[in-house]
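Input: a single structure, listed below in structure tokens.
When reading the values below, keep in mind they use all heavy atoms of this one structure, side chains included, and skip hydrogens, waters and symmetry mates. Whatever order the structure lists them in is the order used to number ligands and atoms, beginning at 1. Every value quoted in this text rests on a predicted model; they were computed, and no experiment measured them.
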Amino acid sequence: MKWRIAVLGGDGVGPEVMEASLEVLRATAEQFGHEFTADPRDVGFAAYERSGNPLPEETLSACRSADAVLLGAVGDPRAEGVPVELRPEAALLALRKEMGCYANLRPVRLLPALASASPLRPEIVDGTDLLIVRELAGGLYYSEPRGPVEDGRAAVDTMRYHQDEVVRIARVAFEAARERKRSVLSVDKANVLHSSRLWHRVVDEIAEEYPDVQCDHMLVDRAAMELVLDPSSFDVVLTPNLFGDVLSDEAAAVIGSIGLLASASIGGGGGIFEPVHGSAPDIAGTGTANPLAMILSAALLLRHVYSLEAEAAAIENAVGQVLEDGLRTSDLVGEGEGSVGTAEMGAAVAGAISRTGVGADA
Ligand code: IPM
Ligand code: MN
């Protein structure tokens, strides 16, 4: 198979973790007999500095004509004085919208080798394996009106959902549940918000199409609490845009580090595959960032875009293997404990794939 992937390293640690994931993809392509072409493009503050636009037209058209997009991270403290619509984050939101990506899947699974990296007691975190299905193209992130009013003395954001937006994201969640433990927990704030009452009602309607899937609802504040009290009780967590953003960082901490959480943004064409973490400007350029979230995002790409289950599993198993072998980046160790850098971790995962002997002729 031929893979044509638009590669957007972006800002901060983005390009570093991207390099590691490309090495892993190259090893996977070689091992399984695929052809991999990466089309590198600018996005974020780096693109803004070069061209005055954080999402240049040529980047967008490269993303549209590729099979899928791999994205590192966007965000730079130097962008603080830049008009909001030209900030790196605006480029990411525009890219998601332009690519029609309305569903963001964030799998959160405790890797056995990392049980002790969680801040929670082993008996609580043990068995955690959930999937956050975050609505990505609407809600508080996009609804109008938005912006400053009264000459900047007040500001407005709007949380609006149309029932059609809830229908399509709910279906993604219920379909995903059928491949898992057949349980959907829909998160809202229906005791206060009108948009949440609509969300709740529409999710119940869609649930009737899936009698084989258990459907429950939980208020977002309670869900935030349950996620640390009993993370292994969750299966598919269906959330509006903002709640999913917040709960996914919390879920990442539960399994040990934000540097482990991958995501797939799908809905339109190929999709955007990016780690859940940000650009981490404090450690950018030091070569110490954890590349595993980016590497696992590449695995999600192979699974979702090309239906290459064996290849995706090979990457995931290689990640499990190097962790079993004791390799850790600095986010996963306590003070004074030894750790490896970004490139070393990437090379170890790539090496583990090449060594499996599973591949084209298996
Ligand atoms: C994420 C990020 C983005 C978001 C930011 C960078 C705009 O936090 O993907 O979770 O809020 O969606
Ligand atoms: Mn986030």
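Contacts between R96 and ligand 1, counted as non-hydrogen atom pairs separated by less than 4.0 Å, involve the side chain only. Heavy atoms of R106 found under 4.0 angstrom from ligand 1 belong exclusively to the side chain.
Cation-pi geometry between R26 and F36 is not met at under 6.0 angstrom from the ring centre and within 45 degrees of the axis. The cationic group of R197 does not satisfy the cation-pi geometry with Y161, failing either the under 6.0 Å distance to the six-membered ring centre or the 45° limit from the ring axis.
Ligand 1 is never approached by R87 to a heavy-atom distance shorter than 4.0 Å.
Near Y141, the atoms of ligand 1 lying under 4.0 angstrom from a non-hydrogen atom of the residue are 4 (C), 11 (O), 12 (O).
The closest non-hydrogen atom to atom 7 (C) of ligand 1, taken over E89, R134, H277, E274, comes from E89.
The protein heavy-atom contact nearest to atom 6 (C) of ligand 1 is L92 CD2, 3.9 Å. Of all protein heavy atoms, the one closest to atom 2 (C) of ligand 1 is D245 OD1, 4.0 Å.
A salt bridge does not link R4 to D39: none of the charged side-chain nitrogens sits closer than 4.0 Å to a carboxylate oxygen.
The environment of CD in E80 is sparse: at most 12 heavy-atom neighbours from other residues, nucleotides or ligands sit within 6.0 Å.
Inter-residue side-chain proximity for V236 and I132 is flagged as unmet; no heavy-atom pair is nearer than 4.5 Å. Put simply, the side chain of E311 does not reach to within 4.5 Å of the side chain of R303, judged on heavy atoms.
Between the Mn ion (ligand 2) and D245 there is an N/O/S contact shorter than 2.8 Å.
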